[in-house]
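Below: the structure, in structure tokens.
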Amino acid sequence: MEIDPFIFRFSIFILAIFVGYYVVWSVTPSLHTPLMSVTNAISSVIIVGAIIAALASSSDSIFDTSSIFGFLAIILAAINIFGGFLVTQRMLQMYKKKKKDKK
Amino acid sequence: MISPNLSAIFYLVSGILFILALRGLSSPETSRQGNFFGIIGMVIAITVTFLTVGNFSNAIIYVFIFLIIGGAIGAFIAFKIPMTAMPELVAGFHSLVGLAAVFVAISAFLNPEAFNLGFPGDIKLASLIEMSIGAAVGAITFSGSIIAFLKLRGIMSGSPITFKGQHILNLIIGLSIIALIYLLCSTQTSSLFWGMIVVSFLIGVLLIIPIGGADMPVVISMLNSYSGWAAAGIGFTLENSALIITGALVGSSGAILSYIMCKGMNRSFFSVILGGFGGEATSTDKQKKDKKPVKSGNAEDAAFLLKNASSVIIVPGYGMAVAQAQHALREMVDTLKKNDIKVSYAVHPVAGRMPGHMNVLLAEANVPYDEVFELDDINNDFANTDVAFVIGANDVTNPVAKTDPQSPIFGMPVLDVEKCKSVLFVKRSLSPGYAGVDNELFYRENTLMLFADAKKMTEDIVKNI
């Protein structure tokens, strides 16, 4: 009997949870806020679903109910992608080491 | 147009780049590179999606227009937002991920052919389950984050909203979502799908309203986790590995942060989620209230103490964020350093309204990150320090957590500020902290209370040093 492809995806999922577990524990606590904003940005990769939905319409009716939801999701995800990465960048730029010690 | 196999490989690559993005955050030096990996991963994922669909009809123009509109809004927000508003920004962003997940699930439900999931009214069972879960979790993330946003922004009161039978009501609604998904899968009726989404929006609101302001670090982390699980659910529907990997990463990241935050408060995850914490005073503080003298001083006294110290530890808290006192604080520390006084910062895991909140604010004020220490790394140093300068923190310094088993915060890890020779406590009044517990520190011999706005007091101290 063939293995359902779902099982493969499920395996990826479980393995990624483990990867996430170990990677996130190694994040330094002082960077927990950037961690949240960057996870926010990357979870907006959901935009791929939105793009598929938006492009799925036939060419004579670009906006049907299904694709409108796709277009709306594109806006939401794009806000998140740009906002998330840029605000993370802005925060990370602020983390500086001691310049020179005046001891 | 590229083959599905090739695009699957590219999605895997972008998934790996996202892992590297998180990995980079293990130290501030590698973090910027990590963020860059994240951006590349996203560009790959989006480009590959365009190439895979390969349908370059007029619709693609609109896709770009919407992409640019969203991107411009996002960039505008990212550059304009003040650092003190980070918690509500993150909550707001979570809500967008949640809503995007709902919208994608809706369009997949309305037009399953586009995603190879079957036909309207005859969607593959597994896909239907996956998209329902994605939509339900997404909807909970959306409405929950909106409530968290309103509470953090101060539009809604931060105090818990509770009513009788709340938990039972939530349980019934939760079970009804499962029942709706079950019925939806067996009948494929679209009204059940809409009903399930509406009910999920409702439970998101009900879950967050009983949780109070200072429990927000847990709530934000939890919603972060939810947004990941929602993305993973959609990832299964779309059979997209980038989305599955990312969802799993974000889901576990949020879960770990929630765990760290709960541990920082010595509370179980469930007691936070059930909410209603804070507000009622316990019997022990009632007895103390009217006794015990409090020593209070002004900026001059504080400046005198600080000037004559040789080492100082700063303990910032949410009050510093509210008063926007981080820049004034940094100025004060600079003056102290000029007088050869050793200064370091002690940050409690749950100080502020989100994980790492204080660190970002201090970084914004140009405090080097190697002067900022976590609870475990600095707690032993208080005994050898002359002055502890507590600015806007309260519960996280309360020695009651170590001594009084009756206290609601007993067992919570606290900063041992009382071991310093003297403690300067900047606070507006003697009111108890979020946990509703009187801080014993106020009445200690070696504590000097500075009743003022954190920013104004710090500025006055600078003038007097």
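Numbered from 1 within each chain, the chains take letters A, B, ... in sequence-line order. Model, not experiment: these values are computed from the prediction.
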Item to check | Test side-chain contact (heavy atoms from CB on, under 4.5 Å) applied to A:I47 and B:I46, step by step | outcome: CA-CA 8 Å; A:I47 197 168; B:I46 293 175; 3.8 Å; yes
Checklist entry - Between B:I77, B:V102, B:L67, B:L362, which has the largest tally of heavy atom pairs under 4.5 Å with chain A? => result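 Going by pairs under 4.5 Å, I would pick B:L67.
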Next on the checklist: Heavy-atom pairs under 4.5 Å with chain A: which of B:L249, B:L96, B:I234 has the most?
Outcome noted: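 Looking at each option in turn, the highest pair count goes to B:L96.
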Next on the checklist: Need one label for A:F8: side chain, backbone, both or neither, based on atoms under 4.5 Å from any heavy atom in chain B.
Outcome noted: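 Neither the backbone nor the side chain of A:F8 comes within 4.5 Å of chain B.
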Checklist entry - Of the backbone (N, CA, C, O) and the side chain (C-beta and beyond), which part of A:V27 lies under 4.5 Å from a heavy atom of chain B, both, or neither? => result both
Next on the checklist: Under the criterion side-chain contact (heavy atoms from CB on, under 4.5 Å), I'd like the reasoning laid out for B:L25 against A:V24: C-alpha separation, chi angles, the key distance, then a yes or no.
Outcome noted: CA-CA 9 Å; B:L25 291 171; A:V24 171; over 6 Å; no
[X] atom [atom1], neighbour heavy-atom count above 12 within 6.0 Å:
{"X": "B:Y345", "atom1": "OH", "value": "yes"}
{"X": "A:F85", "atom1": "CZ", "value": "yes"}
{"X": "A:F6", "atom1": "CZ", "value": "yes"}

Might you point out which heavy atoms bring [X] and [Y] nearest each other, and give the distance in Å?
{"X": "B:G356", "Y": "A:H32", "answer": "N-CB, 4.0 Å"}
{"X": "A:M36", "Y": "B:M354", "answer": "SD-CE, 3.6 Å"}
{"X": "A:N40", "Y": "B:V90", "answer": "ND2-O, 3.5 Å"}
{"X": "B:H357", "Y": "A:T33", "answer": "N-OG1, 3.4 Å"}
{"X": "A:A54", "Y": "B:A59", "answer": "O-CB, 4.1 Å"}
{"X": "A:G49", "Y": "B:L238", "answer": "CA-CD1, 3.3 Å"}

Item to check | side-chain contact (heavy atoms from CB on, under 4.5 Å) between B:S253 and A:L35, intermediate numbers included | outcome: CA-CA 8 Å; B:S253 161; A:L35 171 68; 3.8 Å; yes
Checklist entry - Do the rings of A:F13 and B:W229 sit parallel, tilted or perpendicular, given the 30° and 60° boundaries? => result perpendicular
Checklist entry - Taking the six-membered ring where the residue is Trp, are the ring centres of A:F71 and B:F103 under 6.0 Å apart? => result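 So the answer is no for these two rings.
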Checklist entry - Would you say A:R90's side chain and B:A78's backbone share a donor-acceptor pair under 3.5 angstrom? => result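 Judged by distance alone, yes, a pair lies under 3.5 Å.
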Next on the checklist: Run B:F18 and A:T39 through side-chain contact (heavy atoms from CB on, under 4.5 Å) and show every step you take.
Outcome noted: CA-CA 9 Å; B:F18 292 151; A:T39 50; over 6 Å; no
